[in-house]
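Structure first, commentary second.
Chain A is the first sequence line, chain B the second, and so forth, proteins listed ahead of strands; every chain is numbered from 1. Since this is a predicted model, take the numbers as computed values, not measurements.
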Amino acid sequence: MINITFPDGSVRQYEKGTTGLQIAESISSRLAQDVIAVGVNDQTTEINRPITTDASIKLYKWDDAEGKHAFWHTSAHLMAEALQELYPHVKFGIGPAIENGFYYDIDTADMVIRENDFPTIEAKITEIVARKENVVREEISKADAIKLFTEKDEPYKIELISELEDGTISLYRQGNFVDLCKGPHLANTADIKAFKLLSVAGAYWRGDEKRKQLTRIYAISFPKKKMLDEYLLLLEEAKKRDHRKIGKELELFTFSQSVGQGLPLWLPKGTMLRDQLEDFLKKVQKKYGYLPVRTPHIGQKELWITSGHYAKYGKDSFQPIHTPQEGEEYLLKPMNCPHHCEIYKVSPRSYKDLPIRYAEFGTVYRYEQSGELHGLTRVRSFTQDDAHIFCRPDQLKDEFMKVMDIIFIIFKALNFENFEAQISLRDPNNKEKYIGSDENWEKSEQAIIESCEAKGLKARVELGEAAFYGPKLDFMVKDAIGRRWQLGTIQVDYNLPERFELEYTGADNQKHRPVMIHRAPFGSMERFVAVLIEHTGGKFPLWLTPEQVVILPISEKFNDYAKEVVNTLNMHDIRASVDERNEKIGKKIRDNELKRIPYMVIVGEKEAENNELSVRKQGEGDKGTYSINDFAQLIVDEVNNMTNKFLA
RNA sequence: GCCGAUGUAGCUCAGCUGGCAGAGUGCGUCCUUGGUAAGGACGAGGUCACGGGUUCAAGUCCCGUCAUUGGCUCCA
C-alpha cells in the first residue's frame, strides 16, 4: 500500500500501482470523468500512469492550467496525426500547448497549406477522434530514439533528441503516430470533442531567422462543443471591438498610404478623446510636482551616441537627416530622455533642487519592421506620456512609489480594475547585453523590488527582460473581455546620468550623480487609445467621449430650439451638437446609438414650448424630461464624479 | 525583414469555369415634417491597388511592386 496525500492535507491509502484515474474514481464518478491530468509530487503526469510510491497528488481538471495544457498538447499530437495521414511527406517540428490552444510547426516541403485546407484537416481529425485511440507513453534510450526518428526521416525530431540527456526520453504513441514528447497527455484522443483550426503562419525553426521557415498551424480544442462555440463567440466579440474597425467607424484616426505606413493621422474626434486623456494626466502630474517641458522632434546624432542608443539601434532606425550646408547629422528622436537630460544640465543643481520631474507628451519615431505594424498598437510615430525624474539615490524609492501611485490613479480612472505587474531584471548569465556597472544595476533592481514590496504590489519577476540600460516595472491590464495588454512602464536608470554627466552638489559640497526614473503611465497615447477602444468597445466614459450629447429635433421646425440647447450646453463645457438631418426620429436615434453617443436629447413641440428636454441614454432608452439647466448639471456632475476624486 | 492571405464606389462587401462593373450603406437633390433603434423617389460616385504579361477579350489567369492583414523575428 502507498500513502496518497491530497492538497487539503488528508492522506488515504491505495494499492501500489494505483493510477490517478482510479484515485479520482474512488472519490467520485464525476471527478473521474473530469480529471485530465494528475500532479504527482509536483510533476504533471497522465491519469493512467501507475503511482508506485507515497506521493502527494493533485487532480487536474479542465479549469486548471495543467489540465488544459495536457488537453491541448494531446490535441496538437492529434492534429499532427491527421496531417501525417493527409500529407505523408511532412516533417514535424514542435507542437506545444499555448495560452489559448496550441500549434504545430511542420515542414511541408513545396506544399503550401492554406486556410482553405482547414476543413479537410478538421474532417480527418474528426475521423481519427472516432477511432478512440489510446495515447501510450513509452520510454526509450537516446540511441533508440534517434534510430526510430531516423527511420521515420524526421530531421527536426532528431535534432531535438540529440540535445536531450540519455535515459529519460519519452515517446507518445497513438494509432500510427508517434511523437517525441515529455507529456503529459490525455489517455485517449476521444475526449477531444471539439476542434477548430484557427490560422496558419510561417515560423522559423527554433525561432531563428537564419533557419528554415516552417508552417505553423494554430488551433484550439475543447472537451465540449459548447465551449468551442463560446470561444468562437469571444473571438467574434474581439473582432467587433477591434480598434482599427471602431477607429474607422467613429472617425477617430486613420492612416494614409501617401503619408506612410505606421504613421497615424488623428482625426478631430480622436484628437478630442486623446486631449481629454492628456489633460487628465497633466492635472495629476501637476498635483505630483511635475514640470512641463517641450523639446524638438529631432536632435544631433551625437545625442544618441552619448546615450548609447545609437550603437544599439542606429542601423535599424530611420536614417539621419543631413543639413544641406554643413552636412551635420540629425536623428528623428526615438526617445525623449536625452533632450530632458540637456534640460537638466541647463543650470547647476543642488541637492535641495531634487527631485526634478520633467514631463512631456513627446512624439518619437522608431523604424518598426513593416511586418510588425498593427493599427495604433504598433506604429512608427507615437507620443509617449513621458517624464523623467532626476533624484538623489536616497529619494529613489520614494519617487518610484509616487510614480506607482500615478499609474494606479490612471488605471482606476479608466476602469482598468484588473492589472498585473512584471519586474524585468537583467539576465545574470548574459551581462554583456546591458550597459552600465554591476553596482548600478544591483541598486536599480533593488529599488524596484523594494518599492513593490512597500506598495504591496505582487509582481512577477522576469530575468532577461530588462531594457538594455536598466530594469523596469511594467503594467499589464486586463480588458473587459479578459485580454491582457501591456501599458505603463517605470524604469530606473543610473546609466544615462553617467553618460550625460549629470550632477548635483550635495550637502557635502561635493558633486554627485542623480538617478533617473523614466516613466509612462499610458505608455504611448496611440497604444493606450487602442486599448481603451477595445476595452470599451467604443463606448467611452462620458468625460472622455468626443461627443457627449446630441440633440435630435423631431422635425426641422425645432432645429432652432435645438441650437439654443446646444449653445447652453456648450457654455457648461459640454460637447454637444444637433442632428439636423431630414430624418425621422427613429432613424436619428438608431444612427446616434451606433455612434455610441452617451446622451441623446429629443426636442419637439412639447419641449420647445416648455423649455424642456427629453433625455435618452445610450443603451438604456428614455430617461424622462429635464429642464435645460438640470440636464447640464447632470452631465457636469457625472463628468466631475469620474475625474475630480482623483485630483483632490 | 521572412512565410501565408487579402486589395472592386467614402464604408461593408458580391462579382462562378475570362465576355457591357454590382448591392447595401453613406453622400446630393426632391417629396415627406414625423415622438424614442432604419419613411420614400431620383441622382452622382470606379484607373477593379499599381506596373507588366498571356488572350480576339482580363476585375477574373500569370509575374513583379506597393499597401493591408494573420503569424515569425524584433521592440529604446
Quick one: [X] [atom1] to [N] [atom2], roughly how many Å, whole number?
X: A/Glu612; N: B/G35; atom1: CD; atom2: P; answer: 18 Å
X: A/Lys588; N: B/G34; atom1: NZ; atom2: C1'; answer: 9 Å
X: A/Gln618; N: B/U36; atom1: CD; atom2: P; answer: 19 Å
X: A/Asn582; N: B/G34; atom1: CG; atom2: P; answer: 12 Å
X: A/Asn592; N: B/G26; atom1: CG; atom2: P; answer: 13 Å
X: A/Tyr204; N: B/G4; atom1: OH; atom2: C1'; answer: 12 Å
X: A/Arg527; N: B/A76; atom1: CZ; atom2: P; answer: 13 Å
X: A/Asp107; N: B/C72; atom1: CG; atom2: P; answer: 18 Å

Q: Would you indicate, yes or no, if B/G34 has its OP1 or OP2 atom less than 4.0 angstrom from a side-chain nitrogen or oxygen of A/Lys557?
A: yes

Taking only N and O in the side chain of A/Arg114, is any of them less than 4.0 Å away from OP1 or OP2 of B/A5?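 It does, given that an N or O in the side chain of A/Arg114 lies less than 4.0 Å from OP1 or OP2 of B/A5.
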
Closest heavy-atom pair, A/Pro553 versus A/Asn559, reported as atoms and distance to 0.1 Å, is CG-OD1, 3.1 Å

Shortest non-hydrogen pair, A/Asn336 vs A/Gln384, comes out as ND2-OE1, 3.1 Å

Check this for me: does any side-chain nitrogen of one of [X] and [Y] sit under 4.0 Å from a carboxylate oxygen of the other?
X: A/Glu159; Y: A/Arg211; result: yes
X: A/Lys248; Y: A/Asp242; result: no
X: A/Glu237; Y: A/Lys240; result: yes
X: A/Asp107; Y: A/Lys212; result: yes

With the side chain defined as heavy atoms from C-beta on, A/Arg378 is closest, among B/G34, B/C75, B/C2, to B/C75

Give one of base, sugar-phosphate or nothing for [X], where a contact means two heavy atoms less than 4.0 Å apart.
X: A/Gln486; answer: nothing
X: A/Gly621; answer: nothing
X: A/Arg216; answer: sugar-phosphate
X: A/Thr215; answer: nothing
X: A/Lys248; answer: sugar-phosphate
X: A/Ile602; answer: base

5' to 3', nucleotides 59-70 of chain B under a 4.0 Å protein heavy-atom cut-off (B base, S sugar-phosphate only, - none) gives --------SSSB

* Is the NZ atom of A/Lys196 crowded by more than 12 outside heavy atoms at less than 6.0 Å? ->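 No - once you tally the heavy atoms of other residues, nucleotides and ligands closer than 6.0 Å, there are 12 at most.
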
- B/U55 and B/U12: how far apart are their C1' atoms, nearest whole angstrom?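 34 Å, rounded to whole Å.
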
message: With rounding to the closest Å, how many angstrom separate the C1' atoms on B/U32 and B/G39?
response: 8 Å

